[in-house]
Amino acid sequence: ELAEASKARDKAAGLEAVTAELKEATKRAEAEGKARKLAEVDSAAEAKRRGELEQMVEDAKAEAEAGKAATKKLLEEMGDLQMQRDAERLAMNMAEEEAREELAKAKAAMEE
């Protein structure tokens, strides 16, 4: 009986050791699973943030292009206005010159 009791005790001690090892292995596996899950979440968050930043860059590029186009159009309109003013100024100068010539002719005719 003592031998059987000793065997049963040894067997129980062995089972306790195996149970403790299983519990430790389970804890490690759970910790590794949590770590993997956190890494996946971090990776997904990083990818999302990278995508948001890339979109911000694209939006800024589009705004810059739109600004360039608007500036170019404005400069063209300003150039057109300047050309129009120059043409008006030239027409006024020509009219003034013609008026002076007509006045000079009229004076000459009156003096005769």
Side-chain angles (χ1 to χ4, degrees):
E1 281 185 33
L2 283 175
E4 285 182 27
S6 178
K7 284 183 184 178
R9 199 172 3 155
D10 290 344
K11 192 173 186 179
L15 287 175
E16 286 178 13
V18 169
T19 301
E21 287 178 29
L22 284 173
K23 284 182 181 178
E24 189 61 35
T26 301
K27 286 180 185 177
R28 279 195 309 270
E30 287 174 352
E32 288 172 4
K34 287 178 183 177
R36 269 195 307 274
K37 184 67 176 172
L38 284 174
E40 289 172 6
V41 168
D42 285 347
S43 179
E46 181 63 29
K48 180 181 178 187
R49 182 68 181 143
R50 191 176 321 112
E52 290 170 352
L53 290 173
E54 288 171 356
Q55 185 60 48
M56 289 171 65
V57 168
E58 290 301 316
D59 292 347
K61 284 181 183 178
E63 287 178 22
E65 286 301 316
K68 284 181 188 177
T71 300
K72 182 179 178 182
K73 184 177 180 184
L74 181 60
L75 289 173
E76 288 171 356
E77 289 174 1
M78 288 174 61
D80 290 347
L81 286 174
Q82 186 62 43
M83 286 176 30
Q84 183 180 356
R85 281 192 217 123
D86 290 346
E88 289 172 355
R89 206 171 291 129
L90 181 60
M92 286 177 53
N93 289 342
M94 290 174 64
E96 287 176 6
E97 186 63 31
E98 286 179 20
R100 277 191 222 108
E101 289 174 4
E102 291 296 319
L103 184 57
K105 287 180 187 177
K107 281 185 181 180
M110 286 179 64
E111 289 176 3
E112 290 180 4

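Screening residues 43-63 for salt bridge (Lys or Arg N to Asp or Glu O under 4.0 Å) gives R49-E52, E58-K61 as the qualifying pairs, with residues at least two apart or on separate chains.
In this structure, M92 CE and R85 CZ are separated by 13.5 Å, a value rounded to the nearest 0.5 Å. Rounding to the nearest 0.5 Å places CG of L90 at 11.0 Å from CD of E88. Rounding to the nearest 0.5 angstrom, the gap separating the CD atom in E30 from the NZ atom in K37 is 15.5 Å. The structure places NZ of K73 at 12.0 Å from OG1 of T71, a figure rounded to the nearest 0.5 Å. Distance CZ/R100 to NZ/K107: 11.5 Å, rounded to 0.5 Å.
In this structure a side-chain-to-backbone donor-acceptor pair under 3.5 Å is present from T19 to L15.
The environment of CD in E77 is crowded: more than 12 heavy-atom neighbours from other residues, nucleotides or ligands sit within 6.0 Å.
Hydrophobic cluster membership of V18, counting Ile, Leu, Val, Met, Phe, Trp and Tyr whose side-chain heavy atoms lie under 4.5 Å apart directly or via other members: L22.
Using a 3.5 Å distance cut-off with no hydrogens or angles, the side chains of N93 and E97 do not pair a donor with an acceptor.
Salt bridge status for D86 with R89: present, with a side-chain N to carboxylate O gap under 4.0 Å.
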### Query
Hey, mind stepping through Q82 and M78 against side chain to side chain contact (heavy atoms under 4.5 Å, CB included) and telling me if it holds?
CA-CA 6 Å; Q82 186 62 43; M78 288 174 61; over 6 Å; no
